Amino acid sequence: MSLESSNSSSPPLQFRFGTVADAAAVSAFARRLFDEAFGPDNSPTDMAMYTDVAFSPAAQSRELADPSRTYLLGEHDGTIAAYALVRTGSTDPAVSGPSPIELERFYVDALWRGSGVAHVMMDQVMEIARARGGETLWLGVWGENRRGIRFYTKRGFRDVGSHPFLLGTDLQTDRVMMRSLVDGE
């Protein structure tokens with residue numbers, strides 16, 4: 001898949017599916033963006049406990065090899081600038097729609113925010129989910145992530161509940177959001 005998204009001052013991003021060969025680059029990018037997004041509001045110890053496991057190269061390699069997961073990478077000059085992770089076979093008790101597919105991760109580098117990249121990537125995520133048989137797309141987003149919640153709401157997601165998220169030793173609450181993937185709903 002190759003899809004372009006324009007930023008007024010930069011060449012377009014190219015989107016493609018991730019492979020196991022991308023594990024080290026995905027690991028570094030994911031960890032950096034997670035730290036930038038959530039580090040200022042959480043303890044360094046809890047952040048390290050979580051990112052050392054969740055975003056290690058080995059963990060990324062396992063996820064990239066997992067047939068239930070699809071990585072969508074947005075690159076600029078061969079460097080990851082955005083990524084999304086779509087997962088089949090995962091649901092949450094709050095999700096009531098048919099054939100649920102999870103948007104497990106969705107990150108855009110700060111340099112590309114406001115450029116339309118997130119909207120283009122979300123369109124691709126929805127296409128991937130539909131292609132994998134999804135009729136409902138759901139996600140968990142930290143309840144304190146107001147920017148993320150605003151974006152998801154703008155893209156048709158609605159809050160349907162919550163679930164716990166353990167960041168190191170800190171038990172936090174994620175909002176569960178979902179939207180239909182069926183045209184007209």
Side-chain angles (χ1 to χ4, degrees), residues 1-18 22 25-42 51 54-55 60 63-64 69-88 90 92 95 97 100-132 134-160 165 172 174-183 185:
M1 172 191 318
S2 180
L3 180 68
E4 295 184 2
S5 173
S6 62
N7 176 313
S8 60
S9 63
S10 302
L13 290 189
Q14 297 291 316
F15 284 87
R16 67 175 179 84
F17 293 115
D22 297 309
V26 169
S27 172
F29 181 78
R31 183 181 197 123
R32 179 175 64 83
L33 262 62
F34 194 87
D35 283 342
E36 288 173 5
F38 307 115
D41 298 312
N42 290 284
T51 59
F55 299 124
Q60 296 310 291
E63 288 182 0
L64 283 155
R69 289 181 162 100
T70 302
Y71 270 84
L72 180 64
L73 305 179
E75 296 180 321
H76 178 255
D77 289 338
T79 300
I80 299 172
Y83 88 104
L85 175 54
V86 177
R87 185 169 121 184
T88 59
S90 172
D92 185 276
V95 176
I101 302 246
E102 181 183 11
L103 175 51
E104 191 172 358
R105 296 192 192 120
F106 191 92
Y107 291 101
V108 176
D109 191 298
L111 294 172
W112 289 90
R113 289 189 197 134
S115 70
V117 166
H119 288 285
V120 171
M121 191 163 68
M122 183 60 77
D123 291 342
Q124 291 302 302
V125 162
M126 291 189 298
E127 183 180 309
I128 291 165
R130 285 184 192 107
R132 298 204 72 182
E135 294 179 48
T136 304
L137 185 62
W138 75 275
L139 58 89
V141 57
W142 186 33
E144 302 300 315
N145 184 353
R146 288 171 181 76
R147 177 189 301 139
I149 291 169
R150 276 191 310 272
F151 172 76
Y152 297 130
T153 300
K154 185 185 291 187
R155 291 307 310 251
F157 288 84
R158 60 187 170 82
D159 191 313
V160 295
F165 179 84
Q172 300 182 353
D174 276 2
R175 300 310 307 164
V176 176
M177 300 182 79
M178 62 175 260
R179 64 155 292 152
S180 174
L181 293 172
V182 179
D183 290 335
E185 290 185 35

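Values in this document were obtained by computation on a predicted structure and should not be read as measured data.
- In this structure, CE on Met177 lies 13.0 Å from CH2 on Trp138, to the nearest 0.5 angstrom.
- Residues forming a ring-ring contact (aromatic ring centres under 6.0 Å, His included) with Phe106 (at least two apart in sequence, or on another chain): Phe151.
- For Gly134 against Ile101, the heavy-atom pair with the smallest separation is CA-CG1, 3.4 Å.
- Annotation: the span from Glu135 atom CD to Leu181 atom CG amounts to 8.5 Å, rounded to 0.5 Å.
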Using residues 30-42 as the side-chain source, report each donor-acceptor pair under 3.5 Å to any protein atom, sequence neighbours left out, with the distance given to one decimal.
residue: Arg31; atom: NH1; partner: Asp52; partner atom: OD1; Å: 3.0
residue: Arg31; atom: NH2; partner: Thr51; partner atom: OG1; Å: 3.1
residue: Arg31; atom: NH2; partner: Asp52; partner atom: OD1; Å: 2.3
residue: Arg32; atom: NH1; partner: Glu36; partner atom: OE2; Å: 3.0
residue: Arg32; atom: NH1; partner: Asp109; partner atom: OD2; Å: 3.2
residue: Arg32; atom: NH2; partner: Asp109; partner atom: OD2; Å: 2.5
residue: Asn42; atom: OD1; partner: Gln172; partner atom: NE2; Å: 2.5
residue: Asn42; atom: ND2; partner: Phe38; partner atom: O; Å: 2.8

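- The salt bridge (charged side-chain N to carboxylate O under 4.0 Å, His left out) check on Asp174 picks up nothing, with sequence neighbours excluded.
- Residues satisfying the side chain to side chain contact (heavy atoms under 4.5 Å, CB included) test with Arg113, not counting sequence neighbours, are Val108, Ala110, Arg147.
- A distance of 12.0 Å separates CG of Leu139 from CZ of Arg155, quoted to the nearest 0.5 Å.
- For Glu102, the side chain to side chain donor-acceptor pair (under 3.5 Å) partners are Ser90, not counting sequence neighbours.
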**Request:** List the steps and the verdict of side chain to side chain contact (heavy atoms under 4.5 Å, CB included) for Val95 and Val176.
**Result:** CA-CA 8 Å; Val95 176; Val176 176; 3.9 Å; yes
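- For Ser27, there are no side chain to side chain donor-acceptor pair (under 3.5 Å) partners two or more places apart in sequence or in a different chain.
- When each of Arg179, Arg87, Met122 is tested with Leu103 by the rule side-chain contact (heavy atoms from CB on, under 4.5 Å), just one qualifies, namely Met122.
- A search for side chain to side chain donor-acceptor pair (under 3.5 Å) contacts involving Arg175 returns Asp159, not counting sequence neighbours.
- Arg105 is listed as a side-chain neighbour of Glu63, based on a closest heavy-atom distance under 4.5 Å.
- Atom-to-atom distance recorded for Asp77:CG and Gln14:CD is 10.0 Å, nearest 0.5 angstrom.
- For the atom pair OH (Tyr71) and CD (Glu104), the distance works out to 7.0 Å, reported to the nearest 0.5 Å.
- Inter-residue side-chain proximity for Val26 and Leu73 is flagged as met; some heavy-atom pair is nearer than 4.5 Å.
- The shortest heavy-atom contact between Asp22 and Phe17 is OD2-O, 4.4 Å.
- Atom CG of Leu137 is separated from atom CZ of Phe157 by 4.0 Å, given to the nearest 0.5 angstrom.
- Between Val141 and Phe165 there is no side-chain heavy-atom pair separated by less than 4.5 Å.
- The side chain to side chain donor-acceptor pair (under 3.5 Å) test applied to Arg158 returns no partner, not counting sequence neighbours.
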